Structure formats: structure tokens, C-alpha cells
Amino acid sequence: MGDETAPTTPAQHSADPARTTGPDADGPAPAAPPAGTAVPEPYLTELAPGVHAFIQPDGGWCLNNAGFVTDGDATLVVDTAATERRARLLRRRIAESGAPTPRTLVNTHHHGDHTYGNAVFAPEATVLGHASCRRELLAAGHQLHAVWPEVEYGDIRLTAPEVTYTDELTLHTGDIEVRLLHPGVAHTTGDTLVWLPRQRLVYAGDLVFHGGTPFILMGSLTGSLRALELLRSLDAVTVVPGHGPVTGPEVYDGIERYLRFVGRLAQEGRAAGRTPLEVAREADLGPFAELAESERLVANLHRAYAELAGAAPGAPLDPLVAFGDMTAMNGGVPMACHA
């Protein structure tokens with residue numbers, strides 16, 4: 001996809017990404033990853049004074065990003081992780097940075113890779129999110145367990161946002177202003193952008209995949225395009241994507257081109273009476289072949305077909321059909337979760 005999707009060089013780490021042992025206020029050190037795993041450990045990087053990103057390579061399925069904001073007296077966390085081990089590692093990294101124990105946790109949406117670790121921070125931290133994020137999390141239950149039952153998730157106690165908003169909410173972490181913005185239905189029905197206006201930094205959640213294929217099965221194609229316009233209007237200089245390395249606003253252009261590509265394929269394929277799977281199998285990805293998780297194309301086509309048929313943005317689609325088609329696109333092998 002060109003330079004707008006090429007992984008960037010991570011900023012200097014504020015903690016050694018390989019260091020997962022040592023004193024821990026939350027109990028024993030988390031167990032190491034399974035022997036033989038090739039997935040690097042997460043790392044922490046400071047992007048502005050008191051503003052950090054917790055990056056989980058390689059950004060694929062279940063390997064999301066999180067972050068935290070602190071002024072030295074108060075701490076706000078953005079998202080958690082798919083496993084108890086990784087969520088505890090995030091909590092450890094926050095403690096090692098010298099930040100106070102988090103009292104606020106914001107979820108950018110309901111998917112388990114961003115919310116399964118909420119209980120590691122609650123009840124000390126109040127969990128916030130969009131009203132639909134709470135509804136969808138409670139309705140989905142242990143969603144990742146259903147897709148990847150072999151993963152060692154640990155003790156996952158579903159913890160939904162207890163404070164919700166609908167359009168916009170402003171928080172203050174000490175003297176750091178944090179705005180929660182709902183872009184409408186986009187990646188999901190309950191997305192939140194976490195915008196720091198003074199730092200010109202946005203935690204974009206899964207509205208932005210950097211180096212990975214966008215995923216709109218549970219959201220909206222047209223809504224995702226509108227969300228990009230909202231992101232552009234913020235004029236951020238630093239973008240923390242939901243998956244992949246930290247980037248800048250140039251990433252939006254590549255995402256828009258991909259989404260418009262999906263829209264064209266859907267219009268042509270539906271007019272020809274072809275199924276999403278048939279269209280996806282024959283599609284020439286061109287520059288988008290560089291993106292990881294290319295099997296998501298067929299799921300995105302399911303959403304685009306539904307919208308062309310008049311379905312409301314975010315209207316439920318059959319996940320068994322979409323994930324079955326993605327497995328077919330992945331050579332008949334289920335997608336791997338390395339969390």
C-alpha cells in the first residue's frame with residue numbers, strides 16, 4: 001500500500017520489552033509466553049510527556065495496542081489486552097514508569113482484545129466507554145473464547161464500562177485534557193476516539209489498522225469513511241492505531257483507499273450476482289496485498305453487501321458465515337491468535 005502503510009520504526013522504549021520479571025505490586029510476574037513463540041513481547045513508548053503507547057507486535061489478530069496518560073498524580077488507561085498475562089504486563093509497565101495506580105480506564109470499543117483485561121484494573125479504576133460498547137460487550141460475552149478456544153486467556157472476568165456516554169465526554173487527568181468522541185458506527189457500533197488536543201495525539205482504536213487490513217464486519221463501510229473525516233478534522237500529529245506501530249495522519253489516506261476499493265468490489269460483485277467469497281477470491285488486491293490479514297476482505301464485503309441491500313450500519317451479520325469465509329480465504333486454516 002505504499003509508505004502510508006509501511007510499518008514505522010518504533011520510538012525509543014521507555015521500558016525494556018523483554019523484561020517481564022521483577023518486583024510487581026500486583027503479585028507474581030506473569031508467566032512467559034509459550035515456548036517457541038515467535039511473537040515479540042509488548043513494549044512501552046512515551047509519545048509526549050506523560051502520554052504512552054503500549055504496543056503489541058505484530059499487531060495481528062488479538063494483538064492490539066493500549067496506552068496510558070498521567071500527570072504524575074492521576075493515571076488514565078486506554079484499553080487493555082486479550083489475556084490476563086498481557087493485561088498484567090500492561091499494569092506492570094505503568095507501575096514501572098512511576099505513574100500512580102490508574103483510576104480511570106477507557107475502552108475504545110467492545111472487542112475482547114481491547115476489553116478482556118479490564119478486570120485487572122477494576123475496581124480501582126472506573127471503566128468508561130460508549131453506551132453501545134457496554135451493550136455489545138455484555139451481549140458478546142467471552143467472544144474470543146468462541147473463536148480461539150485454544151488460547152490461554154487466564155482469569156477473564158468480563159467488566160463492562162460502568163460509566164457511559166453517547167456523543168462526547170471530556171475528562172481531565174490532572175491538567176491533561178482527554179476528550180472521548182463517538183464517530184458513529186464505524187469499526188463497531190460503540191467506537192470511541194481518545195483525543196488529547198494539547199498534545200495533538202489520538203488513540204484511534206480499531207478505526208486505524210497500521211500495516212493490517214481494516215475490519216468492518218461489525219460496523220459500517222460508509223460510517224468508517226465518515227469516521228476518517230472526523231479523524232482528519234482533529235489535525236492530530238500522532239496516531240496510536242488499534243493495531244500496528246504508532247504513525248501519523250498520513251495513515252488515513254491508505255485506509256480510505258482500501259475502504260473505497262471494498263465499496264467498488266461490492267457494487268460490482270453484487271450487481272453480477274456473485275457472493276462475497278467469490279468476489280474476494282478473484283479480487284486483485286494490488287497495493288493492498290501488502291497488508292496483513294488480507295482474509296478480512298471477505299468479511300468487509302459481507303458488510304458492504306448488507307449496506308447495499310439496505311441494512312442499517314452495525315446491523316448484526318452472521319459471524320459464523322463471515323469467519324468461515326475468512327478461513328476459506330486463509331487457505332482453509334483458521335486465523336491465528338498469538339495473544
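In this text the structure is predicted, and so the values were computed from the model without any measurement.
- Judged by distance alone, the side chain of His187 and the main-chain N or O of Ile216 form no donor-acceptor pair under 3.5 Å.
- Closest of all the heavy-atom pairs between Thr75 and Ala99 is OG1-CB, 3.6 Å.
- By the 30° and 60° cut-offs, the orientation of the rings of Trp61 relative to Phe323 is tilted.
- In this structure, Arg91 contributes its side chain and Val120 its backbone to a donor-acceptor pair below 3.5 Å.
- Considering only residues two or more places apart in sequence or on other chains, Val163 meets the side chain to side chain contact (heavy atoms under 4.5 Å, CB included) condition with Thr126, Leu128.
- For Arg103, the salt bridge (charged side-chain N to carboxylate O under 4.0 Å, His left out) criterion is met by no residue, not counting sequence neighbours.
- With rounding to the nearest 0.5 angstrom, the OH atom of Tyr252 is 14.5 Å from the CG atom of Leu225.
- Exactly one residue among Leu196, Val106, Asn65, Leu193 makes a side chain to side chain contact (heavy atoms under 4.5 Å, CB included) with Tyr203. That residue is Leu196.
- Between the side chains of Thr327 and Asn330, no donor N or O sits under 3.5 Å from an acceptor N or O.
- Under the 3.5 Å distance criterion, with hydrogens and angles disregarded, no donor-acceptor pair is assigned to the side chains of Asp79 and Asn64.
- Taking the six-membered ring where the residue is Trp, His109 and His114 present tilted rings, their angle falling between 30° and 60°.
- Within the 3.5 Å criterion, the main-chain N or O of Pro42 finds no donor-acceptor partner in the side chain of Arg86.
- The CG atom of Leu277 lies 11.5 Å from the CE atom of Met326; values are rounded to the nearest 0.5 Å.
- When every heavy atom of Gly190 is checked against every heavy atom of His130, the shortest pair comes out as O-CB, 3.5 Å.
- Heavy atoms only, all atoms of each residue included: Tyr43 and Pro57 are closest at CE2-CG, 4.0 Å.
- Between atom CG of residue Asn300 and atom CG of residue Leu217 there is a gap of 7.5 Å, rounded to the nearest 0.5 Å.
- Taken from CG in Leu207 to OG1 in Thr188, the straight-line distance is 8.0 Å, to the nearest 0.5 Å.
- Heavy atoms only, all atoms of each residue included: Ala119 and Thr159 are closest at CB-OG1, 3.4 Å.
- The structure places OG1 of Thr189 at 10.5 Å from CE of Met218, a figure rounded to the nearest 0.5 Å.
- Taking 4.0 Å as the cut-off between side-chain N and carboxylate O, Glu96 and Arg93 count as a salt-bridged pair.
- Taking the six-membered ring where tryptophan is involved, the planes of His243 and Phe209 are essentially parallel, since the angle between them stays under 30° and well short of 60°.
- The environment of CG in Asp284 is sparse: at most 12 heavy-atom neighbours from other residues, nucleotides or ligands sit within 6.0 Å.
- Using modelled atom types, one finds no donor on one side chain facing an acceptor on the other under 3.5 Å when comparing Asp206 with His111.
- Under the 3.5 Å distance criterion, with hydrogens and angles disregarded, a donor-acceptor pair is assigned to the side chains of Asn118 and Thr80.
- Of the N and O atoms on the side chains of Ser220 and Glu307, at least one donor lies less than 3.5 Å from an acceptor on the other residue.
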